[in-house]
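Along the sequence shown, residues are numbered consecutively beginning with 1. The basis for the numbers below is simple: all heavy atoms, side chains too, and nothing from hydrogens, waters or symmetry mates.
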Amino acid sequence: MDAPFLHRTEAGERLARSLPHLAGREDVTVLALPHGGVPVAFEVARALEAPLDLAIVQPLLHAMGPPRREVTLGLLGFPKALQLHEATLNALNLSDEALSQTLSRARQLLRQHLRAMRPSAPVPPLAGRTVVLVDDGTAAGVALRCAARLLRRAGARTLVAAVPVASEEALRLLATEFEEVICCSKPEPFVSVPSGYECYSDVTDAQVRELMTRAREGYAPRKMAPRDVRI
């Protein structure tokens, strides 16, 4: 069976054609899950004439020992968002100092990721806005759903998940977190995200940064007052 998409650029162009109701609206922001989601989201943002930025979600890990192991205390993301697992924190009875050190290390790692992939610039505000969250595909929807929870905490009003290819199970789960879920291809049986593309090469930090720079220079948002976000 032929793959439904030649590459991520074509997938983004086709995905954008499924979002005509969001085109030209000044309350729309497109966020991409790096790395593979960025080339797709670039085409979506271009078609919608919307600002583009990254949605980075990483687990907040605390080292325990001995034996040395790591426990997930919550999620840390960009744009600025933090979700702690209160039950885990209560069970571990961590001191404020230990939690502060864990947060500091996680934020430092996040800043390193941002410096590698994103030009130094303010991000568009998310509070009260419609956010289109884009990836190049999903088998289970885990990363998209985690990002959705953080975006809610950041004040996003409406969340739209947009993926070129996904499993039926992933789409069902995404519908519990997003107001709208857009998908171009739902192969049955679902094999993997790469199987949806004829060309599925790795996307590097440098390629992400180039696309982010082009998006910022090529179709800057209109009538918006960006704000600085500090991690």
Side-chain angles (χ1 to χ4, degrees), residues 1-19 22 30-48 52-61 70 72 75-78 83 109-110 113-114 116-118 131-152 159-212 215:
M1 183 176 67
D2 292 337
F5 305 105
L6 177 60
H7 43 53
R8 292 182 179 90
T9 296
E10 181 195 51
E13 292 170 348
R14 286 176 53 184
L15 194 58
R17 291 198 289 271
S18 299
L19 296 163
L22 300 181
V30 177
L31 296 181
L33 286 176
H35 290 66
V38 178
V40 181
F42 178 86
E43 300 302 329
V44 171
R46 188 213 300 266
L48 299 185
L52 172 67
D53 219 306
L54 302 178
I56 300 177
V57 180
Q58 65 182 44
L60 187 61
L61 299 175
E70 290 184 319
T72 301
L75 297 172
L76 179 67
F78 176 85
Q83 181 180 38
L109 180 61
L110 185 56
H113 290 166
L114 289 170
M117 295 188 293
R118 182 181 180 275
V131 175
V132 183
L133 188 60
V134 181
D135 204 353
D136 58 4
T138 183
V142 174
L144 287 161
R145 285 183 286 138
C146 288
R149 292 164 197 154
L150 293 183
L151 291 171
R152 294 285 186 201
L159 294 180
V160 179
V163 289
V165 59
S167 68
E168 289 283 2
E169 175 67 7
L171 296 175
R172 183 185 66 79
L173 293 172
L174 290 175
T176 66
E177 302 279 358
F178 292 82
E179 279 74 25
E180 186 175 4
V181 179
I182 302 295
C183 180
C184 300
S185 177
K186 297 169 278 188
E188 187 61 42
F190 181 87
V191 178
S192 67
V193 171
S195 68
Y197 295 84
E198 292 185 28
C199 176
Y200 192 78
S201 56
D202 290 340
V203 179
T204 66
D205 286 351
Q207 289 171 320
V208 169
R209 190 178 185 87
E210 178 188 359
L211 288 172
M212 294 297 300

Are the side chains of [X] and [Y] in touch, meaning some heavy atoms are under 4.5 Å apart?
X      : Y      : result
Leu133 : Leu144 : yes
Asp202 : His35  : no
Met117 : Ile56  : yes
Thr138 : Leu174 : yes
Met212 : Phe42  : no
Pro187 : Pro4   : no
Phe190 : Glu169 : no
Leu211 : Val203 : no

Measuring from atom [atom1] of [X] to atom [atom2] of [Y], what distance do you get when rounded to the nearest 0.5 angstrom?
X      : Y      : atom1 : atom2 : result
His7   : Ser201 : NE2   : OG    : 10.0 Å
Leu114 : Arg209 : CG    : CZ    : 10.0 Å
Arg46  : Glu43  : CZ    : CD    : 4.5 Å
His113 : Phe78  : NE2   : CZ    : 13.5 Å
Leu150 : Gln58  : CG    : CD    : 10.5 Å
Leu60  : Leu75  : CG    : CG    : 8.0 Å

Would you name the heavy atoms of [X] and [Y] that are closest together and state the gap between them?
X      : Y      : result
Ala162 : Leu19  : CB-CD1, 4.4 Å
Ala140 : Leu173 : O-CD1, 3.8 Å
Gly77  : Leu110 : O-CD2, 3.8 Å
Thr204 : Gln207 : N-OE1, 2.9 Å
Val163 : Gly137 : CB-CA, 4.2 Å

Checklist outcome for this item: When Val160, Leu31, Val30 are each screened for side chain to side chain contact (heavy atoms under 4.5 Å, CB included) with Val131, the one that passes is Leu31

Item to check | Main-chain N/O of Asp136 paired with Tyr197 side-chain donor or acceptor, under 3.5 Å | outcome: yes

Next on the checklist: Between Ser185 and Pro164 (side chain of the first, backbone of the second, donor and acceptor by atom type, cut-off under 3.5 Å), is there such a pair?
Outcome noted: no

Item to check | Criterion salt bridge (charged side-chain N to carboxylate O under 4.0 Å, His left out) against Glu177, the qualifying member of Arg172, Arg149, Arg145 | outcome: Arg149

